[in-house]
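Report on the following structure.
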2 protein chains.
Amino acid sequence: MANRLMDALGIKGYRVTLERSIITDSLQKVEPHFTAEGLYRFLQKRRSRVSLATIYRTLSALTQMRLIKKFDFGEGTYRYELNITNGNKDTHHHHLVCVKCGKLIDFESDFFPQLNHLAEKLSQEHRFIIIDHELTLFGYCKQCASD
Amino acid sequence: MANRLMDALGIKGYRVTLERSIITDSLQKVEPHFTAEGLYRFLQKRRSRVSLATIYRTLSALTQMRLIKKFDFGEGTYRYELNITNGNKDTHHHHLVCVKCGKLIDFESDFFPQLNHLAEKLSQEHRFIIIDHELTLFGYCKQCASD
DNA sequence: ATTCTATTGAAAATTATTTTCAGTAAAGGG
DNA sequence: CCCTTTACTGAAAATAATTTTCAATAGAAT
Ligand SMILES: [Mn+2]
Ligand SMILES: [Mn+2]
Ligand SMILES: [Zn+2]
Ligand SMILES: [Zn+2]
C-alpha cells in the first residue's frame, strides 16, 4: 500500500519531503482520532522528529485535499481522521460523542441511500455540488449518565 | 413571549441581570447564525453596551443548557443559533455549507423517524443517553463551483 | 553540478476565548 | 426598606491552539 497520501500530495505538486513521508506514514499508526499535538508526541517517541509547524502545515494540506477529515468535538482542539477508502472497504462512518467526558464512538449508519437522496434534492434546490457530510450524535455515556 | 431564555436562566439559579436580559432579548433579533463578536457589534449599535466577556459567559451558559447551539463551520470562530421550539413549531434543522466561501443554508430533513431509530439502536448498543444530533453537508455553492 | 524555489524549524505573532480582580448590584432575610 | 452576602460585570491580562515570519536547507529541474 506504499503511501497513498504521499502519492496524492506529490500529484498535487507538493514536494516529496522526508517530513511529509514521516507524517503520512504515521497516520496509519497513530490513534484513529488524533490531534496535531498528539501526532507530534507520537512522532517524538518513534521515528523522527518533525516540528509542530510542519505537522500543522501538512494536516492542513491533507484536509484541503479531503484525504483526512478535521473534527471539532468540543475539546478546544481539533481531531483528525483518515478519510481514504481502504481497498474496496468504505471507511465512511459517523460519531457518537459524550458531551461530558468526550468519549467518542464510531458507528456506521445504513441510510446512505437516503442521505444521497437528500443530497441530490438539496443539490438541485440550492445549486450546490455536495461533496461530503457529517453526522454526529451527542449524549451521555454510561459513566457520565450517573449524575 | 416575554423572554423564555432569561426565564430558563433564572430557574437554573442564575441571577436576572440587565446584561443577560439584553443578550437573551437580542438573540431573537440578531442574524440567525451569529458569532460572539457579531452579537457584540449588534448590541453596540442598538440598545445597551455589554462587554464581550459577558457575552461569552452568557453564550456559554446558554450552550450548556442547550438553549442555543454552537457550531464550527470552519471559519475560525464559532457560530451560535437559537435552539428553542417556537410554539408548536420545531426549529430543528440541518446545515449545508460551502467549503470555499462559507455560505450557509438551513434545511429540514424528513428522516427524523430514522434518526430516532438509529439513536435508539445506538443508545442500547453503547449505553448512551442521546440528547441531540447534528447533520452537516459540505459542498460548493453555485458561485464557488465555477473554478 | 547549478539554479530555483518550496519547505523546514524555531521563534514570534495572531486571535478567539477565558480568566483575574476589584467594583457593583441582585437576592433575600430581618 | 436596610443590610449582608456573593454572583456578576467590565477592563485588562492571560491562555493556548494555530499561523506566520524568516533565514537556512534540500527537492526538482535543467
Ligand atoms: Mn471516526
Ligand atoms: Mn441553522
Ligand atoms: Zn462520558
Ligand atoms: Zn461558496
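Chain A is the first sequence line, chain B the second, and so forth, proteins listed ahead of strands; every chain is numbered from 1. Below, each value reflects all heavy atoms present in this structure, side chains not excepted, and no hydrogens, waters or symmetry copies. Quick caveat: nothing in here was measured; it's all calculated off a predicted structure.
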Test of ring centre spacing under 6.0 Å for A/H95 and B/H133 = no
Quick one: sort the B/F71 and B/F73 rings into parallel, tilted or perpendicular, breaks at 30° and 60°.
-> parallel
5'-most contact on DNA chain C (nearest-nucleotide basis), A/G13 vs B/G76, goes to A/G13
The nucleotide from C/dG9, D/dT18, D/dT9 with an atom nearest the side chain of A/S51 is C/dG9
Could you run through nucleotides 19-30 of chain C and give me one letter per nucleotide, 5' to 3': B if any protein heavy atom sits under 4.0 Å from the base, S if only the sugar-phosphate is that close, - if neither?
-> BB----BBS---
Starting at atom CG of B/D72, determine the distance to atom P of C/dA16, rounded to an integer number of angstrom.
-> 13 Å
Sidechain-backbone polar pair: A/T58 side chain, A/I55 backbone, donor-acceptor under 3.5 Å = no
Rounded interatomic separation in angstrom, taking NZ from B/K12 and P from D/dC8 | 13 Å
Identify whether NZ of Lys or CZ of Arg in A/K70 sits under 6.0 Å from the centre of the six-membered ring of A/Y80 and within 45° of that ring's axis.
-> no
Under 4.0 Å: is that the gap between some side-chain N or O of A/Y56 and OP1 or OP2 of D/dT18?
-> yes
Is a side-chain donor-acceptor pair under 3.5 Å present for B/T63 with B/S60?
-> no
Check whether any side-chain N or O of B/T77 sits under 4.0 Å from OP1 or OP2 of C/dT17, and answer yes or no.
-> yes
Side-chain heavy-atom pair B/M65, B/L9 within 4.5 angstrom cut-off = yes
Rounded off to whole Å, could you give me the CD-to-P distance for the B/E37 and C/dT15 pair?
-> 12 Å
Please give, in whole Å, the distance from D/dG10 P to B/Q44 CD?
-> 11 Å
Distance in angstrom units between B/R49 CZ and D/dC8 P, rounded = 24 Å
For B/Y78 and C/dT15, give me the distance from atom OH to atom C1', rounded to whole Å.
-> 13 Å
Residue pair B/K29 / B/F42, side-chain heavy-atom distance below 4.5 Å | yes
No-hydrogen, no-angle side-chain donor-acceptor test under 3.5 Å, B/D106 and B/H33 | yes
Divergence of helical axes at both termini of the helix from C/dA1-D/dT30 to C/dG30-D/dC1 - five pairs an end, 10° steps | 40°
A/Y40 has an atom OH; how far is it from atom P of D/dA16, in whole Å?
-> 17 Å
Would you mind telling me which residue lines up with the more 5' stretch of DNA chain D, A/Y80 or B/I55, judged by nearest nucleotide?
-> B/I55
With a 4.5 Å heavy-atom cut-off, do B/R66 and B/D132 have their side chains touching?
-> yes
Here the distance between atom C1' of D/dG10 and atom CZ of B/R20, to the nearest Å, is 14 Å
